[in-house]
S.K.: 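Here's a structure for you.
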Amino acid sequence: MATKPANQAAARAAALEADAEKYPDERADLLLEAAEAWRVAGQLDRARKLLAELIAAGGEDGCYARCDLAGIEFEAGADSEAYTELARLARDPDLGEGQCTLVAELLAERGDLPAALEWYDRAVARLTPEDLEALRGPDGWMQMSSVMVRARREVRRQLGLPADATDEIAPAAPAQQMAEPTGLPTTLDEAREHFESGRIPDQLRLLVFQRAERAEARRRWPDAYVDPDEEYFPAAERRWRGLADSGVPAIRVVPATVAGLSEFAERIGESPLDSAVKTRYARLAADQDTIVWPPARNDPCWCGSGIKYKKCCGRAGLGS
C-alpha cells in the first residue's frame with residue numbers, strides 16, 4: 001500500500017506533467033521536477049521515461065536528465081547502468097560545468113573519490129577565461145565556481161594527493177577580525193553590513209518568504225519584492241554560501257508568512273516592510289520553527305518548493 005508521502009509525490013508529479021503541457025517554455029524544467037517527484041513516489045519507470053524523453057531532446061536539459069537518470073540507477077542498485085549513463089554523458093558536446101559538478105558530488109557521496117575527481121576535473125576544464133579571472137580576483141571566494149574548486153581540493157586531500165595549480169585558483173575567504181556583534185543579522189543587507197564592518201556573528205537568522213508566501217508578498221507589496229523567484233532564490237543561495245565560506249558558523253532560515261509578519265507589525269505599531277521589524281520577528285522564532293541551512297542534499301529545499309535541496313536551490317552554485 002502506498003504511503004501518504006508517496007501519494008503526495010505522485011500527485012505532484014502528475015500536476016507537474018500537466019503544467020509541462022500548459023507551459024511549453026518551461027517544459028524541460030517541469031519534467032525534470034516531475035521525474036524527481038516520480039522517483040520520490042517510488043515509480044522509477046515513470047521517472048526514467050520522462051528523463052529519457054529529455055535525453056532524446058538533447059541540449060543542456062538532456063545532460064541534467066542524464067545526471068538524474070544515473071542517480072536513479074545508483075539508487076536502484078543498478079550501478080553498471082548508472083556508470084554507462086555517465087560514460088555517455090561524458091561524451092555529450094552540451095556537457096557543462098554544472099552537470100560535471102553534480103556528477104562529481106554524486107560520486108563523492110557514494111565514496112567513489114577517483115571517479116569524482118575525474119568529474120571535478122571536467123568541471124574545471126569548462127571554466128571560461130572570464131570565470132578564471134573572476135576566481136583569481138579579490139572577490140574570487142564569492143564566485144560560485146569557487147565552491148566547486150574547493151570541493152575538488154577536498155577530494156584530492158582525501159585521496160592523499162598534493163595540491164596542484166587548480167587548488168589555488170579560488171582564494172580563501174579574507175581574514176576576518178572577530179568582534180562583539182551589535183545584533184543578530186536577519187537580512188542579507190544586514191549581514192553585508194556586519195561583514196563590511198569586520199564583524200562575524202555567531203549565527204545568522206535570515207528571514208525568508210518561501211515560494212508560496214513570496215507570491216503573496218509580491219501581490220501585497222509589489223514595490224518591495226520586485227525580483228522574480230528564478231533570480232531571487234539562486235541569488236540568496238549564492239550569498240549564503242559566500243557567508244558560510246567566510247566563517248559564519250551557523251545559518252538558520254526563518255520562514256515567514258505574510259499574515260504572521262503583518263500581524264506582528266500591527267501589534268507593535270510598525271510597518272511589516274521595516275527591516276527592524278523583520279529582525280525582531282526573526283529573533284522571536286523558536287529554533288524548531290527555523291531551517292538549518294544548508295539542508296542535507298536529500299532533504300526538502302529551504303525555499304519551500306517541495307523538491308530535494310540538491311535538485312533545487314542546491315544547484316544554484318553549479319552554473320549551466
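Along the sequence shown, residues carry numbers from 1. These numbers come from a predicted model, not from an experiment.
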S.K.: Going hydrophobic residue to hydrophobic residue with side-chain gaps under 4.5 angstrom, can you get from Ile72 over to Leu31?
M.R.: yes
S.K.: If I compare all heavy atoms of Val155 with all of Leu113, which pair ends up nearest, and what's the gap?
M.R.: CG1-O, 3.7 Å
S.K.: Could you tell me whether the side chain of Gln99 and the main chain of Gly96 form a donor-acceptor pair under 3.5 Å?
M.R.: yes
S.K.: Is the closest basic N to carboxylate O distance between Lys311 and Asp68 below 4.0 Å?
M.R.: yes
S.K.: If you round to the nearest 0.5 Å, how far is CD1 of Ile55 from CG of Leu50?
M.R.: 11.0 Å
S.K.: Would you call Glu97 and Arg122 a salt bridge, taking side-chain N to carboxylate O under 4.0 Å as the test?
M.R.: no
S.K.: Look only at the side chain of Glu85 and the backbone of Cys67, and say whether a donor-acceptor pair between them is shorter than 3.5 Å.
M.R.: no
S.K.: Carefully, step by step, assess Cys303 and Tyr232 under the rule side-chain contact (heavy atoms from CB on, under 4.5 Å).
M.R.: CA-CA 10 Å; Cys303 75; Tyr232 170 79; over 6 Å; no
S.K.: In Å and rounded to the nearest 0.5 Å, what is the CD1 to CD distance from Ile268 to Glu263?
M.R.: 11.5 Å
S.K.: Mind checking the CG-CZ spacing from Leu102 to Arg66? Nearest 0.5 Å is all I need.
M.R.: 15.0 Å
S.K.: Return yes if some donor-acceptor pair links the side-chain N/O of Glu213 with the main-chain N/O of Val258 below 3.5 Å, else return no.
M.R.: yes
S.K.: Check this for me, if you would: do Glu36 and Lys310 make a salt bridge, where the nitrogen-to-carboxylate-oxygen distance has to be below 4.0 angstrom?
M.R.: no
S.K.: Looking only at heavy atoms, what is the nearest atom pair of Arg241 and Gly314, with distance?
M.R.: NH2-O, 2.7 Å
S.K.: Please report the closest heavy-atom contact between Ser305 and Arg12, naming both atoms and the distance.
M.R.: O-NH2, 3.3 Å
S.K.: Would Arg211 and Phe233 count as a cation-pi pair here, with the cationic atom under 6.0 angstrom from the ring centre and within 45° of the axis?
M.R.: yes
S.K.: Taking all non-hydrogen atoms of both residues into account, name the closest pair between Ala35 and Ala47 and its distance.
M.R.: O-CB, 3.3 Å
S.K.: Any ion pair linking Arg152 and Asp167 (charged N to carboxylate O, less than 4.0 Å)?
M.R.: yes
S.K.: Quick one: NZ on Lys278 to CZ on Phe209, what's the gap to the nearest 0.5 Å?
M.R.: 6.5 Å
S.K.: Salt bridge check, Glu270 against Arg280: does any charged N sit closer than 4.0 Å to a carboxylate O?
M.R.: no
S.K.: Checking Arg156 against Thr166: is there a side-chain donor and acceptor pair closer than 3.5 Å?
M.R.: no
S.K.: To check you understand the geometry: which heavy-atom pair defines the closest contact between Ala265 and Val277, and what is its length?
M.R.: CB-CG1, 4.0 Å
S.K.: Would you say Trp119 and Leu86 make side-chain contact, with heavy atoms under 4.5 Å?
M.R.: yes
S.K.: Tell me, with the steps shown, if Arg126 and Asp131 meet side-chain contact (heavy atoms from CB on, under 4.5 Å).
M.R.: CA-CA 9 Å; Arg126 284 163 172 79; Asp131 291 333; over 6 Å; no
S.K.: A side-chain contact here means heavy atoms from C-beta on lying under 4.5 Å apart; do Trp38 and Leu44 qualify?
M.R.: no
S.K.: Decide yes or no for Val208 and Ile291: does some side-chain heavy atom of the first lie under 4.5 Å from some side-chain heavy atom of the second?
M.R.: no
S.K.: Is it true that, when you exclude Glu266 itself, more than 12 heavy atoms of the residues, nucleotides or ligands shown sit nearer than 6.0 Å to its CD?
M.R.: no
S.K.: Nearest 0.5 angstrom please: Leu117 CG to Asp112 CG, how far?
M.R.: 10.5 Å
S.K.: Side chains of Val253 and Gln210: closer than 4.5 Å at any heavy-atom pair?
M.R.: no
S.K.: So do Glu26 and Glu230 actually touch side chain to side chain, heavy atoms under 4.5 Å?
M.R.: no
S.K.: Would Leu69 and Leu54 show up in the same hydrophobic cluster when neighbours are defined by side-chain heavy atoms closer than 4.5 Å?
M.R.: yes
S.K.: Please check if atom CD in Glu133 has more than 12 non-hydrogen atoms from other residues, nucleotides or ligands closer than 6.0 Å.
M.R.: no
S.K.: Do Glu237 and Trp293 have side-chain N/O donor and acceptor atoms under 3.5 Å apart?
M.R.: yes
S.K.: Just to verify, what does Tyr23 make a ring pair (Phe, Tyr, Trp, His ring centres under 6.0 Å) with, not counting sequence neighbours?
M.R.: none
S.K.: Under the 3.5 angstrom rule, does the side chain of Arg214 hit a backbone N or O of Tyr225 as a donor-acceptor pair?
M.R.: no
S.K.: Would you kindly confirm whether Phe74 and Val103 end up in one hydrophobic cluster when ILVMFWY residues are joined by side chain heavy atoms under 4.5 Å apart?
M.R.: yes
S.K.: Quick check: is Tyr309 connected to Ile251 through a chain of hydrophobic side chains (ILVMFWY, heavy atoms under 4.5 Å apart)?
M.R.: yes
S.K.: Got a donor-acceptor contact below 3.5 angstrom from the Asp121 side chain to the Glu118 backbone?
M.R.: no
S.K.: Would you mind reporting whether Arg252 and Val292 have side-chain heavy atoms less than 4.5 Å apart?
M.R.: yes
S.K.: So Asp61 and Arg27, do their side chains get closer than 4.5 Å, heavy atoms only?
M.R.: no
S.K.: Could you tell me which residues satisfy side-chain hydrogen bond (donor to acceptor under 3.5 Å, both in side chains) with Asp45, sequence neighbours excluded, listed by chain and number?
M.R.: Arg48
S.K.: Leu207, Leu284: one ILVMFWY side-chain cluster at the under-4.5 Å cut-off?
M.R.: yes
S.K.: Please round to the nearest 0.5 Å and tell me the distance separating atom CG of Leu127 and atom SG of Cys100.
M.R.: 10.0 Å
S.K.: If you apply the rule side-chain contact (heavy atoms from CB on, under 4.5 Å), what do you find for Tyr64 with Asp94, and how did you get there?
M.R.: CA-CA 10 Å; Tyr64 276 120; Asp94 292 311; over 6 Å; no
S.K.: Do you know the tightest heavy-atom contact between Pro272 and Ser262?
M.R.: CB-CA, 4.3 Å
